[in-house]
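The shown structure was predicted, so the numbers you read here are calculated from the model rather than taken from an experiment. Below, each value reflects all heavy atoms present in this structure, side chains not excepted, and no hydrogens, waters or symmetry copies.
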Amino acid sequence: MSFRNYFASARAFALVSFLALSGFLGTSAPASALTGAATARDGNSIQLGDVTYRLDGVDAPELDQVCIDNQADTWTCGIEARDQLTKLIKGRVVRCDDVGPEKSFGKRHRAICTAEGDKASLNEQLIKLGFALAREPIKANFKPTATEAKTAAVGIWKGCFVAPQDFRSGKKDGALLGAACRPDRDKEIRAVLFPEELTMPPSCSIKGKLAVRARVTGNIGIYHLRGCPSYPATTKPDRWFCSEDDAQAAGFRKAYNCRRPK
């Protein structure tokens, strides 16, 4: 190679490296902060553009999770948690500060998100309302707020429920939480919180089944789409998902005999 060609190649490599480091060539990793119109995907997930963040330090009931209220009636606490987050946003612009990858939820990142005009983050406000638990990893300290919500028995704390992480993993012997849990009704309560026929949330028709064989690929379960041969045969799903992205983020892989319906 001539000196001139070598010099030209070196310049090209340096330019590409500079652009990559500067972010001009694009990257799959979210920016350190994003601001824009926000949509609540569930009780602790916010979508800005094509990026979905998990609220850092927050673990809210899943959309298909049910809880028991203080009157011993069941209610869709996961849907209510999402609706509460939507109310907190109030259609305002939201800023999400990326605080790192969320190892438990696929390629999603964690963020502290704040709606325009608010001093407190949406993360903290949701916990204060009692519609989410404080969890690790955590950038900010929401534990005092979580303790206050539990003591005041607000939101899901007024009734009886299992931690979202126990619901996701199907841990039926996990701790019962909330002011209305009765030790003498332990078996009956667990049967309600982990029903044999889990109700499908609106517009969330993807079936998920926990499966040991899924662990071979690093997952906890398998999901089935409408139109797949395995869909009608999959009875009593352990989870319901609204999108493939949500299913994959929760640690489920697509059934091998399943193809996206046309």
If every non-hydrogen atom of [X] is compared with every non-hydrogen atom of [Y], which pair is closest and at what distance?
X    : Y    : value
S121 : F142 : OG-CZ, 3.8 Å
C96  : L48  : SG-CD1, 3.8 Å
F252 : I222 : CD2-N, 3.3 Å
A115 : V94  : CA-CG2, 4.0 Å
Y256 : T217 : OH-CG2, 3.6 Å
L55  : C113 : CD2-SG, 3.8 Å

Q: Check D238, D59, D246 against R168 for a salt bridge (charged side-chain N to carboxylate O under 4.0 Å, His left out) and give me the one that passes.
A: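 With R168 as partner, D238, D59, D246 yield a single salt bridge (charged side-chain N to carboxylate O under 4.0 Å, His left out), made by D59.
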Is the closest side-chain heavy-atom distance between [X] and [Y] below 4.5 Å?
X    : Y    : value
R135 : Q165 : no
P61  : I156 : yes
T145 : T147 : no
I206 : W240 : no
D83  : I79  : yes
R190 : K172 : no
V162 : Q65  : yes
L133 : L177 : yes

Just verifying a value: how many Å separate [X] [atom1] and [Y] [atom2], rounded to the nearest 0.5 Å?
X    : Y    : atom1 : atom2 : result
E124 : L129 : CD    : CG    : 10.5 Å
E244 : L225 : CD    : CG    : 4.5 Å
D56  : R110 : CG    : CZ    : 4.5 Å
R215 : I220 : CZ    : CD1   : 8.5 Å

Q. Are H109 and E102 close enough, and set up right, to give a side chain to side chain contact (heavy atoms under 4.5 Å, CB included), and what steps lead you there?
A. CA-CA 5 Å; H109 275 223; E102 173 59 278; 6.0 Å; no
Q: Return yes when atom NZ of K150 has more than 12 non-hydrogen atoms of other residues, nucleotides or ligands closer than 6.0 Å, and no otherwise.
A: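 Atom NZ in K150 is not crowded, with 12 or fewer foreign heavy atoms closer than 6.0 Å.
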**Q.** More than 12 heavy atoms of other groups within 6.0 Å of E196 CD
**A.**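 Not more than 12 within 6.0 Å, no.
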Q.
disulfide (SG to SG under 2.5 Å), that's the test. Do C258 and C228 meet it? Break it down for me.
A. CA-CA 5 Å; C258 194; C228 299; 1.7 Å; yes
Q: Taking the six-membered ring for Trp and the full ring for Phe, Tyr or His, determine whether the centres of F241 and Y223 are under 6.0 Å apart.
A: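 Ring centres of Y223 and F241 not closer than 6.0 Å.
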Determine yes or no for a side-chain-to-main-chain donor-acceptor pair under 3.5 angstrom, with [X] supplying the side chain and [Y] the backbone.
X    : Y    : answer
R108 : T52  : no
D69  : K158 : no
K207 : T234 : yes

Q.
Show, in sequence, the C-alpha distance, side-chain angles and deciding distance for I68 and I189, and conclude whether the side chain to side chain contact (heavy atoms under 4.5 Å, CB included) test is met.
A. CA-CA 8 Å; I68 297 174; I189 289 173; 3.8 Å; yes
Q.
I'd like to know if the two cysteines, C160 and C67, have SG atoms within less than 2.5 Å.
A.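 The answer is no, since C160 and C67 keep their SG atoms 2.5 Å or more apart.
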**Q.** Test side chain to side chain contact (heavy atoms under 4.5 Å, CB included) applied to N44 and D42, step by step
**A.** CA-CA 6 Å; N44 46 271; D42 56 35; 4.1 Å; yes
Q) Do we see a donor-acceptor contact under 3.5 Å between the side chains of D245 and S243? A)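 No pair is found: no donor N or O on one side chain lies under 3.5 Å from an acceptor on the other.
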Q) Quick one: which of T114, I112, I89, V58 gives a side chain to side chain contact (heavy atoms under 4.5 Å, CB included) with L122? A)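 One option only clears the test, and that one is I89.
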Q.
As a quick check of understanding, evaluate side chain to side chain contact (heavy atoms under 4.5 Å, CB included) for L63 and C242, giving each step before the final call.
A. CA-CA 9 Å; L63 286 178; C242 306; 3.5 Å; yes
**Q.** Charged N-O contact under 4.0 Å between K143 and E136
**A.**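 Yes.
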